[in-house]
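In what follows, a structure is listed as structure tokens, so that the remarks can point back to it.
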Number of protein chains: 2
Amino acid sequence: MSTIRDVAKRAQVSVATVSRVINNSGYVQSETRERVLKAMQDLNYKPNAIAQSLNHKKTRNIALVVPDITNPFFPELARAVEDVARIYGYTVILCNSDEDLKKEQGYMDIIQQKYIDGLILVSHTLKLNHLIDEVPVVLLDRLVDQNIPTVTAKNYEGAILATRHLLDIGCRKIGHICGPKYIPTAQRRLQGYLHVVEQMEWFSDSLIVEGNFQLELAKEATLHLLAEHADIDGIFAGNDLMAVGALKAIHQTGRKVPQDIALIGFDGIFLSKAMEPELSTVAQPIYDMGAIATRLLLKKIEDQPIDSAYHELDVTLLQRASTRR
Amino acid sequence: MSTIRDVAKRAQVSVATVSRVINNSGYVQSETRERVLKAMQDLNYKPNAIAQSLNHKKTRNIALVVPDITNPFFPELARAVEDVARIYGYTVILCNSDEDLKKEQGYMDIIQQKYIDGLILVSHTLKLNHLIDEVPVVLLDRLVDQNIPTVTAKNYEGAILATRHLLDIGCRKIGHICGPKYIPTAQRRLQGYLHVVEQMEWFSDSLIVEGNFQLELAKEATLHLLAEHADIDGIFAGNDLMAVGALKAIHQTGRKVPQDIALIGFDGIFLSKAMEPELSTVAQPIYDMGAIATRLLLKKIEDQPIDSAYHELDVTLLQRASTRR
DNA sequence: TTGTAGGCGTTATCAG
DNA sequence: CTGATAACGCCTACAA
């Protein structure tokens, strides 16, 4: 790797001049510029980003902190983040936090030491005071604080949509598999469900069972639910993964979707469409969420004005086979 | 952020001494060491990784280049890579290449400029000469070259396993949905299939249809296949995603899995287990592949001896509902 | 055992 | 318009 000094020598100018043509800053006679450009070409010179970073205290690296990239919700998000970042000349560092405070703290240290320019954070674990003041942050999906730019979807409204939809297609008794109560997103969806059904005469608390946003536990929970309420004819799962779990449980008890039980999830991940029958769901604009969050972050990093710090994106009801009858 | 100089001042020593206690190099009187340690604590000092990198020409950053993190095969891989990397104090940069040479080249430039220490590459696009000589590489899943450490699974043997399995459970006419012919991995699996069935009297070339490792096209291909060969009773799909596509096609023609047609995929991604019926598959040890590749890479980076440059991992036949009858 | 000084590759300031 | 030179923060000879 040749350095700016090599280029300077070859072009018979000082490093300062080379630096000027690299950054298009200051005055350089067009003749000299040509010579420098030629030298750069000849040597296949590329400026050393590390050295630049040391000066500017900026690396054009951002971190994406998700609980677990293996959870099918996050790859699409990551894709969006990386796409937008790349366009603006940024690079994305992937961090799996496992919702583990220790790990998250570890990442924060690294972010500080490696001069990461900012981060997109999906977490409800990390408390505000663990964030580094100087490092820009955008919160995604799981709200943590009001003073930080945040991107979410309309979880409450989406849950209402889902539940009403089940009523619309004729369900008379609807259960809900909610996510962990300590996750705000899960709470919102639960509240949306409650908003619609709480006053119904058939409603009872035992129609709500708790999962952990994963398949397995949701399957168990659904089994319990069905055992207790044999006459359930509709289920709203707090996310698509749990909807799949519910589907398995339903099949296991010999019932059919949608004939015996209509089923709808939340998120709109690829999986919901891959299933047979295809699962109805309330789709979040996952890619957009990632893209918007990234643009927001880059603006903060580059000290550009931010239009709005709170983005709550619309969701879309997707009716598919699992609620079609 | 305090610097090494601040610490030195506070501890009343030179920066050299501080550096020594940081890196545990050279002699430092235990008293002075204590003083320095205390000063570091007081100031909450963290060495600046960028400055260190500028010296060492090492960043403890590695890149993971995959076609598309959105493809369910890769998140698990990425997870493994990140897990191992983190343990060894490395950080992972995520790159989606889309199998696009231009993009890959762009990443190579960045890798060079940002002093990325090495990369794990999943690609059949990039030619060897595009790699940067000084940057260690490990190839994963899709073989590119013999001189570079490589991690794959036994694709050929796995395909034989899958095909034999279909015969074992009584299939009399087996079709294959292969991946793109220009991808070595897809070829191997096709060859494995051929090895088993080529000599059978019922075999014909038209039992092989080509997909692109994605769901949609595989569904179309399967529809064609079924139209041409109404008597097919077993299908081996080149990967799980295509198996899902096949499942949809099969259902669409009113047939049932496994009663009318037994179906098996390849990869062992989460999706195969999520489906109903659960899909049989030849599982690759995806996580292990990522972990091994990463350890291999880190060894190369740190100039440690490598036991073996070519790792071909065993696959496992997982019989599930889609081939149980 | 500790300190001084030069270098890693760039950029920015200040002269000329 | 161009060139020296001092940062950026750290490490490592070489001296002391």
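Lettering of chains follows the sequences in order, A, B, ..., and the numbering in each one begins at 1. Just so you know, these numbers use all the heavy atoms, side chains as well, and skip hydrogens, waters and symmetry mates.
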Please list, pair by pair, any protein nitrogen or oxygen found under 3.5 Å from a nitrogen or oxygen in nucleotides 12-15 of chain C.
none

Inset, instruction - Could you pick out which residue, B:Arg33 or B:Ala51, lies toward the 5' side of DNA chain C when each is mapped onto its nearest nucleotide? - result: B:Arg33
Legend entry - With sequence neighbours excluded, residues passing side-chain hydrogen bond (donor to acceptor under 3.5 Å, both in side chains) with B:Tyr90: B:Glu302
Inset, instruction - For B:Lys58, answer base if it contacts any base atom (sugar-phosphate contacts may also be present), sugar-phosphate if it contacts only those atoms, and nothing otherwise; contact means non-hydrogen atoms under 4.0 Å. - result: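 No contact at all - B:Lys58 keeps every heavy atom at 4.0 Å or more from the nucleic acid.
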Inset, instruction - Classify the nucleic acid contact of A:Ser53 as base, sugar-phosphate or nothing, counting any heavy atom under 4.0 Å across all strands shown. - result: nothing
Check whether any side-chain N or O of [X] sits under 4.0 Å from OP1 or OP2 of [N], and answer yes or no.
X: A:Thr17; N: D:dT2; answer: no
X: A:Tyr45; N: C:dT10; answer: yes
X: A:Ser14; N: D:dG3; answer: yes

Rounded to whole angstroms, how far apart are [atom1] on [X] and [atom2] on [N]?
X: B:Gln52; N: C:dC8; atom1: CD; atom2: C1'; value: 13 Å
X: B:Ile4; N: C:dT2; atom1: CD1; atom2: P; value: 15 Å
X: B:Ile22; N: D:dT12; atom1: CD1; atom2: P; value: 11 Å
X: A:Asn48; N: C:dG7; atom1: CG; atom2: C1'; value: 14 Å
X: B:Lys114; N: C:dG9; atom1: NZ; atom2: P; value: 18 Å

